[in-house]
Amino acid sequence: MENQKVLVNGERLRDTLEKFADFGRTANNGVTRLALSEQDLKVRSYFQSCCENLGMDVFYDDMGNMYARLAGVNNEKQPIVIGSHLDSVEKGGRFDGVLGVVAGLEVVRTIVENKVKPQIPIVIANITNEEGARFEPSMMASGVISGKFDKTRMLQSTDNQGITFKEALEASGYIGQEANRLTEAEAFLELHIEQGPILEQEYLKIGVVECVVGMVCYEIEITGESDHAGTTPMQMRKDALFTANSVISQLRDRLSQLDESIVFTIGRVDVSPNIHTVIPNKVVFSLEARHQDEAIIKQVEEIIQAIPSSPMKEDCDVTLRKLWGRDTVWFDSAIVNILEQSAKGLGYSYKRMVSGAGHDAQFIATYIPSAMVFVPSVNGKSHAEDELTDWDDCAKGVNVLLESVLRLTAE
């Protein structure tokens with residue numbers, strides 16, 4: 001049987017995705033399935049039953065990550081892992097995260113029904129609390145197993161009801177041994193919706209993801225003086241909001257000139273005292289920027305750090321606080337090439353691209369050869385109830401994973 005002729009069952013994939021969406025489905029056909037919530041525990045149970053029906057062994061690690069293992073011809077070899085997450089944000093969509101887990105399930109189903117015996121084991125992974133919607137931060141469990149986050153601190157993360165992650169994990173029934181953690185593998189593959197508009201706008205079916213872009217986030221505080229809005233002449237004011245407006249305009253102009261692919265956002269603005277008859281004395285706003293080239297990110301920081309000496313500050317004081325940043329994570333070039341060869345061999349339109357959003361694969365990539373595949377998001381929508389990816393595009397993405405798994409196991 002030629003590898004390229006082995007394709008997944010698109011109708012079964014659609015039915016499975018809809019079944020998974022039943023666990024937390026909202027009135028507007030979205031999904032609310034927060035990490036370790038009742039709905040998350042139910043979908044975990046269903047996922048485990050699906051895997052066990054295929055003869056897979058299912059086990060958990062100390063962060064509640066689930067692993068379903070299909071034996072291979074040589075079980076001494078490290079596995080190929082296909083994974084993502086089953087938790088969602090509040091009123092999220094039916095595809096974010098779950099597509100990557102169900103993709104693994106459909107790959108194994110196709111291999112089993114075609115009586116293809118993989119040379120090495122295949123593992124499907126459900127990574128706990130990727131979204132961070134109930135327990136901050138996002139990508140919590142992959143951060144712990146990759147050594148990026150301190151487990152003790154993560155266990156103390158608290159939801160809005162005062163329940164700690166540790167308490168929820170211990171009550172879930174999905175806590176296992178640290179020895180079960182994903183520590184080695186031949187490859188880690190993650191299929192995900194793009195969560196952006198590029199593939200759809202360019203009429204492409206597959207994105208072969210080369211990296212997760214680096215980013216930096218600052219908080220900028222501008223302090224002036226509050227006075228009466230009706231009695232203080234304009235030339236005598238130290239208006240923090242007018243100054244903030246000037247600074248924001250300057251930032252937009254300068255950052256836009258760095259590179260056409262840079263993205264930056266001022267997502268939070270707090271104005272004090274926020275009274276219509278009082279001149280604002282303080283404005284605090286956030287600025288984050290993302291780009292794959294670390295030299296561009298460095299230029300972003302230089303532009304931000306120049307604000308306090310800028311004539312645009314209009315006699316107000318400016319304080320800068322760097323909240324956090326991350327370097328670009330480049331995926332394994334050999335795995336990326338295999339994904340590209342698979343898309344090309346299947347006759348699917350594709351492009352190499354970057355991910356502006358974070359994913360578990362970026363942490364796992366620091367110690368296991370990893371790469372990602374994107375499929376189009378209709379209108380670029382995600383983290384919303386109207387999130388949508390065409391069913392045929394879902395199947396194409398899973399076919400790329402299947403073809404890549406067959407290539408990797410053959411090697």
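Positions are given from 1 along the sequence. Everything numeric in this text was worked out from a predicted model, so none of it was measured.
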Problem set entry | side chain to side chain donor-acceptor pair (under 3.5 Å) evaluation trace for Ser261 with Asp259 | CA-CA 5 Å; Ser261 63; Asp259 187 86; 2.5 Å; yes
Problem set entry | Contacts of type ring-ring contact (aromatic ring centres under 6.0 Å, His included), residue Phe47, not counting sequence neighbours |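 Scan of Phe47 (ring-ring contact (aromatic ring centres under 6.0 Å, His included), adjacent residues dropped) gives none.
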Problem set entry | Trp391: ring-ring contact (aromatic ring centres under 6.0 Å, His included) partners, not counting sequence neighbours |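 Trp391: ring-ring contact (aromatic ring centres under 6.0 Å, His included) contacts with Phe95.
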Check this for me: does any side-chain nitrogen of one of [X] and [Y] sit under 4.0 Å from a carboxylate oxygen of the other?
X      : Y      : value
Arg12  : Glu106 : yes
Lys42  : Glu38  : yes
Glu90  : Arg134 : no
Asp315 : Lys238 : no
Lys151 : Asp62  : yes
Glu18  : Arg94  : yes

Problem set entry | Audit row: Asp15, Lys19, side chain to side chain contact (heavy atoms under 4.5 Å, CB included) steps and yes/no | CA-CA 6 Å; Asp15 290 344; Lys19 177 62 179 177; over 6 Å; no
Do the side-chain N and O atoms of [X] and [Y] include a donor-acceptor pair separated by under 3.5 angstrom?
X      : Y      : value
Arg44  : Thr128 : yes
Ser138 : Glu130 : no
Glu385 : Thr26  : yes
Asp360 : Ser142 : yes
Asp96  : His192 : yes
Asp293 : His291 : no
Ser157 : Glu136 : no
Glu288 : Tyr218 : no
Asp61  : Tyr67  : yes

[Y] and [X], any side-chain heavy atoms less than 4.5 Å apart:
X      : Y      : result
Asp239 : Glu225 : no
Asn281 : Ser272 : yes
Val336 : Val208 : yes
Leu251 : Ile303 : yes
Val354 : Phe331 : no
Arg290 : Ile262 : no
Val378 : Thr389 : no
Phe165 : Thr158 : no

Measure across [X] and [Y] and return the closest heavy-atom pair with its distance rounded to 0.1 Å.
X      : Y      : value
Gln250 : Ser310 : NE2-OG, 3.2 Å
Pro121 : Asn75  : CG-OD1, 3.5 Å
Gln362 : Val212 : OE1-CG1, 3.3 Å
Ala187 : Ile368 : C-CG2, 4.1 Å
Val31  : Ala21  : CG2-O, 3.9 Å
Gly224 : Ala240 : N-CB, 3.9 Å

Sidechain-backbone polar pair: [X] side chain, [Y] backbone, donor-acceptor under 3.5 Å:
X      : Y      : result
Asn399 : Val8   : yes
Ser404 : Ser342 : no
Glu190 : Met372 : no
Ser88  : Arg33  : yes
Ser256 : Asp253 : no
Glu167 : Thr164 : yes
Thr265 : Gly267 : no
Ser226 : Ile279 : yes
Ser382 : Gln195 : no
Asp87  : Glu131 : yes

Exercise. Salt bridge (charged side-chain N to carboxylate O under 4.0 Å, His left out) with Lys351: which of Glu340, Glu202, Glu210?
Worked result: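 Of the listed options, the one satisfying the test is Glu202.
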Are there more than 12 heavy atoms of other residues, nucleotides or ligands under 6.0 Å from atom [atom1] of [X]?
X      : atom1 : result
Arg153 : CZ    : no
Glu11  : CD    : no
Arg268 : CZ    : yes

For this session: Test Leu86 against Met66 for side chain to side chain contact (heavy atoms under 4.5 Å, CB included), laying out the working first.
Result: CA-CA 10 Å; Leu86 292 177; Met66 301 178 68; 5.5 Å; no
Could you grab the distance from atom [atom1] of [X] to atom [atom2] of [Y], nearest 0.5 Å is fine?
X      : Y      : atom1 : atom2 : answer
Ile175 : Leu169 : CD1   : CG    : 4.0 Å
Leu346 : Gln341 : CG    : CD    : 12.0 Å
Asn126 : Leu105 : CG    : CG    : 11.5 Å
Arg407 : Leu339 : CZ    : CG    : 10.0 Å
Asp390 : Lys205 : CG    : NZ    : 6.0 Å
Thr409 : Lys77  : OG1   : NZ    : 13.0 Å

For this session: Compute the ring centroids of Phe23 and Tyr46, then answer whether they are less than 6.0 Å apart.
Result: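 When the ring centroids of Phe23 and Tyr46 are compared, they turn out to be within the sub-6.0 Å range.
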For this session: Test the Lys396-Tyr348 pair against the cation-pi criterion, namely NZ or CZ under 6.0 angstrom from the six-membered ring centroid and within 45° of the ring axis.
Result: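 Relative to the ring axis of Tyr348, which defines the angle, Lys396 lies inside both limits.
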For this session: Take Tyr60 and Gln48 through the side chain to side chain donor-acceptor pair (under 3.5 Å) test and state the conclusion after the steps.
Result: CA-CA 11 Å; Tyr60 329 123; Gln48 179 164 337; 2.5 Å; yes
